[in-house]
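Sequence lines set the chain letters: A, B, ... in the order given, protein chains first and strands last, and positions in each chain run from 1.
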2 protein chains.
Amino acid sequence: MSGKIHIVDDDASFRSALERRLKRAGYSVTTYPSAQLLLDHLPDESEPACILLDLRMPGLSGMEVQTRLAQRGSTLPLIFLTGYADVRTSVRAIKAGAEDFLAKPVGSEQLLDAIGRAMARHRALREQAAEQDERRAHLASLTPRERQVFELVVRGKINKQIALQLGATERTIKAHRHRVMEKMGVQSLAELVSMAERLGILNRVSGDGKQT
Amino acid sequence: MSGKIHIVDDDASFRSALERRLKRAGYSVTTYPSAQLLLDHLPDESEPACILLDLRMPGLSGMEVQTRLAQRGSTLPLIFLTGYADVRTSVRAIKAGAEDFLAKPVGSEQLLDAIGRAMARHRALREQAAEQDERRAHLASLTPRERQVFELVVRGKINKQIALQLGATERTIKAHRHRVMEKMGVQSLAELVSMAERLGILNRVSGDGKQT
DNA sequence: AGTTGTGTTGTCCCAAGGGACAATAGGAAC
DNA sequence: GTTCCTATTGTCCCTTGGGACAACACAACT
């Protein structure tokens, strides 16, 4: 179970040759004759995996796949394989987040190195993504009102100020605050703030500005 | 004052031609015949700037410069210019954080685009770096003891627990805590935690582990 | 009509945080 | 030796936060 590799290439003989090579190396392999097919059956990311993608194919190009995958929130690392490697394109691909960009034919060592890095990266990304998803789920469980209180609390506002700003009594804020802590699954303000920070909530400006 | 450009290239005629082109475009330009000279006079980063670097030079190569600069904490974006552009090298350079990788001769539009992006990026990096430096300076002003208290406080420990763990009375912790807030320049626990988060303190494990 | 979710507010009480004012003790620097 | 920094601890008192228990208003859904 060292990982799953998705190969996308319109050249059938290349696909199967590559598949054999990688299976020999101990990977689980799936092949796709077109990018569309990959996008249609979005690979699950429950185990380390990566995508080997031919850059130039009929239909969707490799770069387009990169964009689409990113849009869908996929964290699958991409390794481009192409017969027409040019610098311009490789730079664009890497800047867009691809793990690597290799020219066909690709040496086994180089390929396996890249795959190893991609798998490691995917492992790390998956963990981060999982934690982030959990945080976002907690956040989504808040009612709008609770969400407002949450934001003000983690900005260091005290109940009294929050009550004033939201036009409620301090007691009410206390109640909301209590439920926020509960729903977010934390026991201390410190944890709540830490969570807010990781959710990127503390960077946004909140239309306010004044107040100590 | 749209920015400062540092050109490093061993080819004198190329240097001066490029310098003229960029000055015409409104940039302030400095040239260096060797990478070592650039490293010897580390460019100040008080205004937006970037480096145009020939990849292949006698002495230090462009890639080595990239490493050295990173080691010294420079945030200056690098744009590689090279006559021998190959995919392998370009991928490595971009993965190492270079802003762009262009082949000589380079078209004006392409070059100015890259420079524009580099300047924008440098502006952003500088702001971040400045903030981070300020945070680190605050942190460094803490005594070892205060630092300990700081770490426990932002992890949500209450004074009583901290006192127990550090073998002091609650009153003492209160005193340290007070000075920590003062030195870090914050008024609320929320701000303190936020600062700790940005300092990367909340990710490290603290040898403890138990406790709620 | 009854249930559920959300927002609201109350009282009582205790724990935790924080300011004010003050003092002791040891080590390092001058 | 005197001074400065750091660490330590005290008391008094007020503010904040939070738990327990309870209740009311309103809208949406069944």
Contacts of B/Thr75 meeting side-chain contact (heavy atoms from CB on, under 4.5 Å) (sequence neighbours excluded), chain-then-number -> B/Glu45, B/His122, B/Leu125, B/Arg126, B/Ala129
Mind listing the N/O atom pairs, protein and nucleotides 20-24 of chain C, below 3.5 Å?
residue: C/dA20; atom: N6; partner: B/Arg171; partner atom: NH2; Å: 3.3

Residues 58-79 of chain A vs salt bridge (charged side-chain N to carboxylate O under 4.0 Å, His left out), sequence neighbours excluded, gives none
Determine to 10° how strongly the helix from C/dA1-D/dT30 to C/dC30-D/dG1 is bent, judged from the axes of its five-pair ends.
-> 40°
Taken in chain and number order and not counting sequence neighbours, the residues that satisfy side-chain contact (heavy atoms from CB on, under 4.5 Å) with A/Thr169 are A/Arg171, A/Thr172
Are the side chain of B/Glu131 and the backbone of B/Gln128 linked by a donor-acceptor contact shorter than 3.5 Å?
-> no
Using the 3.5 Å cut-off, write out each protein N or O paired with an N or O of nucleotides 27-30 of chain C and the distance between them.
none

N/O (side chain, A/Thr169) to phosphate O (OP1/OP2, C/dT9) under 4.0 Å = yes
What pairs with A/Ala190 under side-chain contact (heavy atoms from CB on, under 4.5 Å), at least two apart in sequence or on another chain?
-> A/Ser188, B/Val193
Show your reasoning for whether side-chain contact (heavy atoms from CB on, under 4.5 Å) applies to A/Cys50 and A/Ile115.
-> CA-CA 7 Å; A/Cys50 68; A/Ile115 289 174; 4.3 Å; yes
Would you tell me if any nitrogen or oxygen in the side chain of B/Thr172 comes within less than 4.0 Å of OP1 or OP2 on D/dT9?
-> yes
Examine distances only and state if a side-chain atom of B/Gln66 and a backbone atom of B/Ala93 form a donor-acceptor pair shorter than 3.5 Å.
-> yes
Hits for salt bridge (charged side-chain N to carboxylate O under 4.0 Å, His left out) against B/Arg147, two or more places apart or cross-chain, chain-then-number order -> B/Glu151
Would you tell me if any nitrogen or oxygen in the side chain of A/Thr143 comes within less than 4.0 Å of OP1 or OP2 on C/dG5?
-> no
Starting at atom CD of B/Gln148, determine the distance to atom P of D/dT6, rounded to an integer number of angstrom.
-> 15 Å
Measure from CG on B/Leu189 to P on D/dG17 and round the result to the nearest Å.
-> 11 Å
Are any of the side-chain nitrogens in B/Glu19 or B/Arg15 under 4.0 Å away from the carboxylate oxygens of its partner?
-> no
Between B/Ile162 (CD1) and D/dT8 (C1'), how many Å, whole number?
-> 16 Å
So, B/Gln132 side chain and B/Arg198 main chain: donor-acceptor pair closer than 3.5 Å or not?
-> yes
Atom pair distance, as rounded to whole Å: CD in B/Glu182 and P in D/dT6 = 12 Å
Name all residues meeting the salt bridge (charged side-chain N to carboxylate O under 4.0 Å, His left out) criterion together with A/Asp100; count only those two or more places apart in sequence or in a different chain, and write none if there are none.
-> A/Arg117, B/Lys95
Nearest-nucleotide comparison on DNA chain D, the residue closer to the 5′ end among A/Ser188 and B/Ala175 = B/Ala175
Send over the distance from B/Ile173 CD1 to C/dG18 P, rounded to a whole Å.
-> 13 Å
Write out a two-atom table: protein N or O, nucleotide N or O from nucleotides 13-16 of chain C, distance below 3.5 Å.
residue: C/dA16; atom: OP2; partner: B/Lys160; partner atom: NZ; Å: 3.0

Selection from C/dT9, C/dG18, C/dG7 that lies nearest to any side-chain heavy atom of A/His176 | C/dG7
Gap between atom CG of B/Leu166 and atom CG of B/Leu152 - 0.5 Å precision | 5.5 Å
Stepwise, does the side-chain contact (heavy atoms from CB on, under 4.5 Å) test hold for A/Leu53 with A/Val65?
-> CA-CA 9 Å; A/Leu53 191 58; A/Val65 173; 3.7 Å; yes
Indicate whether any N or O donor in one side chain lies under 3.5 Å from an N or O acceptor in the other, for A/His176 and A/Arg179.
-> yes
Any N/O pairs under 3.5 Å between the protein and nucleotides 24-30 of chain D? List them or say none.
none

Nearest-Å distance, CG (A/Leu142) to P (C/dG5)?
-> 16 Å
Go through the structure and list residues passing salt bridge (charged side-chain N to carboxylate O under 4.0 Å, His left out) with B/Lys183, not counting sequence neighbours.
-> B/Glu146
For A/Glu191 and A/Gln187, indicate whether the former's side chain and the latter's backbone hold a donor-acceptor pair under 3.5 Å.
-> yes
CZ of A/Arg179 versus C1' of C/dG7: gap in Å, rounded?
-> 7 Å
